[in-house]
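Single-structure report; data block below.
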Amino acid sequence: MAKKYASPRGTIDFLPPESMKLLHVEAVFRDLAENYGYLPVRTPMFEATELFAHGAGESSDIVSKEMYTFPDKKGRSMTLRPEGTPGVARALIQAGWNFAEQTRLYYVGSMFRYQRPQKGRYREHTQVGVEIFGASSVTADVEVISLGVNYLNALGLENLRIVVNSLGSVEDRTAYNENLKKYIDQNHDEFCPDCHFRAEHNPLRVFDCKVPECHVILEKAPKIDEIMCEESKVRFKILQEMLREEGFAIEVDNMLVRGLDYYNHTVFEIMMEGDEGQQSSLMGGGRYDGLIKLFGGPDTPAMGFGSGLERVAEAVDWSDIADLIKPECDLAIVVLGDKAHALGTTLANLLRAAGMMVHIDHRVTSFKNQLGQANSLNAALAIIVGEDEIARGVAIVKDMESGEQEDVPVSQVVEYILSGFEDERE
RNA sequence: GUACCUGUAGCUCAGCUGGUUAGAGCGCCUGACUGUGGAUCAGGAGGUCGAGGGUUCGAAUCCCUCCAGGUACCCCA
């Protein structure tokens with residue numbers, strides 16, 4: 001269809017009932033995050049470009065080719081946020097936050113990445129996420145991961161693959177990167193050009209390479225868990241044990257490095273089992289103990305995750321919970337004539353104020369049509385008022401299911417309906 | 001950014017190797033039921049066949065360009 005305007009590439013519109021699904025997923029997330037003591041945080045949708053470049057790492061794909069960057073009217077380089085963490089970190093530092101205390105925050109908001117759109121991969125998507133600052137212990141990692149898993153479980157997503165890895169401490173990671181670079185240089189000819197580039201900028205990323213030859217030679221490369229200090233190894237081991245104790249079937253994948261440079265120690269990703277499409281990743285996160293300091297704050301440990309709302313909503317099986325996303329219409333008002341419409345509006349407002357969901361049509365249309373609407377809205381009751389009823393000073397209250405109806409004096413209609421409504425609620 | 005597939009009523013799609021007024025189901029509207037919904041039956045509205053150009057007597061159908069969606073790279077949420 002040739003419509004005059006179309007949504008920009010890679011963006012999606014959500015009309016009812018799809019929009020209700022997103023709200024439901026978001027509500028489940030908020031409730032659960034708050035149960036864990038996380039409080040909401042909101043930060044700008046765009047920031048100085050430097051913030052993201054510095055945080056995620058110049059060589060990461062997100063920064064090097066996926067950012068929506070533009071100059072503002074004074075020529076300053078701004079970027080629509082590609083992820084939530086840097087903005088939150090910046091906001092806390094800017095506010096002079098007391099990082100000696102433990103802080104739990106959650107957010108919900110749009111993220112932007114300029115990439116080739118595909119199912120489950122959009123240029124604007126909503127991300128929910130949590131961050132915990134000031135806690136360096138493994139138990140904080142376990143909390144974040146289990147909050148994530150419980151969130152997905154709460155939506156009926158059970159067949160999850162929970163993949164974890166450890167990148168070691170910040171020092172381990174630095175040492176490992178050098179090691180890896182050396183290894184790649186030594187076997188220079190056997191790596192692809194992309195990997196040569198990665199070796200220069202961020203050697204860890206070679207594990208993301210999909211060229212089979214690179215994988216072969218990488219098999220013999222030094223592994224992070226070989227380089228890691230004893231303390232880091234123990235930490236990772238404890239993490240695995242604790243997660244298993246929580247009943248999670250976790251997988252360890254020492255190739256999992258994640259797309260952002262600021263991670264250390266724990267990294268994890270959760271995807272749908274069997275869903276081998278490449279967009280199956282529902283959630284990803286990890287520990288970023290160096291970020292606050294990198295941004296000029298005090299040395300503060302931190303851990304968090306981000307999760308794509310649209311992807312999660314798409315993975316949910318809505319057939320069981322269809323009722324949750326359908327607005328329950330309690331009552332429809334059916335009127336004929338101006339006087340009846342005015343009376344109907346008054347009644348509607350009184351009933352709405354009492355908490356009922358009331359529908360009324362503002363067009364001039366037949367009883368038949370209006371009752372049809374009441375029916376398709378699944379209204380439990382209808383109030384019918386026409387000229388006859390106005391003259392007699394009554395309204396007809398009709399039970400939509402049984403079809404029974406009865407005359408009620410106008411002055412008593414609200415009370416009559418509310419008494420039944422209350423009963424039903426108990 | 002690369003490759004392949006797709007784009008026909010509001011929705012899901014049919015339309016054989018180019019041939020006259022482009023179809024179905026669902027939905028919507030109207031009537032049977034002149035002030036009463038769900039079922040049934042009958043009728044109706046709704047399409048510059050994604051956009052632009054080309055080939056042809058003739059294009060939804062073939063060719064080119066663009067736009068959009070999907071899939072695989074890539075990357076991730």
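Chain letters run A, B, ... following the sequence lines, proteins first and then strands; every chain starts at 1.
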Could you tell me whether the side chains of A:Glu124 and A:Thr11 share a donor-acceptor contact shorter than 3.5 Å?
no
Give the nucleotide from the list B:rA77, B:rG37, B:rG69 with an atom nearest to the side chain of A:Leu371.
B:rG37
Considering only B:rG35, B:rC75, B:rC4, which nucleotide approaches the side chain of A:Phe367 most closely?
B:rG35
I'd like a list of close polar pairs between nucleotides 28-30 of chain B and the protein, N/O only, cut-off under 3.5 Å.
none

Any pair counted as side-chain hydrogen bond (donor to acceptor under 3.5 Å, both in side chains), so long as it reaches residues 143-155 of chain A, sequence neighbours left out
A:Tyr36-A:Asn150, A:Tyr38-A:Glu143, A:Arg104-A:Glu143
Identify whether any heavy atom of A:Glu389 sits under 4.0 Å from a base atom; if not, whether one sits that close to sugar-phosphate; answer base, sugar-phosphate or nothing.
base
So, is A:Arg113 near the phosphate of B:rC76, with a side-chain N or O under 4.0 Å from OP1 or OP2?
no
Judged by modelled atom types alone, do A:Asn177 and A:Thr174 share a side-chain donor-acceptor pair under 3.5 Å?
no
So, OP1 or OP2 of B:rA72: does either fall under 4.0 Å of a side-chain N or O from A:Gln118?
yes
Summary of ring pair (Phe, Tyr, Trp, His ring centres under 6.0 Å) pairs that have at least one residue in residues 362-409 of chain A, sequence neighbours excluded:
A:His341-A:His362
Assess whether one donor atom and one acceptor atom, taken from the side chain of A:Arg311 and the base of B:rC76, lie less than 3.5 Å apart.
yes
What nucleic acid atoms does A:Leu336 come within less than 4.0 Å of, heavy atoms only: base, sugar-phosphate, or nothing?
nothing
When the C1' atoms of B:rC28 and B:rC11 are considered, how many whole Å apart are they?
12 Å
Distance only, no hydrogens: is a donor on one side chain within 3.5 Å (strictly under) of an acceptor on the other, for A:Glu310 and A:Thr126?
yes
P-based separation of B:rG69 from B:rC64 [nearest Å]
22 Å
Checking all strands, does A:Leu309 fall into the base, sugar-phosphate, or nothing category for heavy-atom contacts under 4.0 angstrom?
nothing
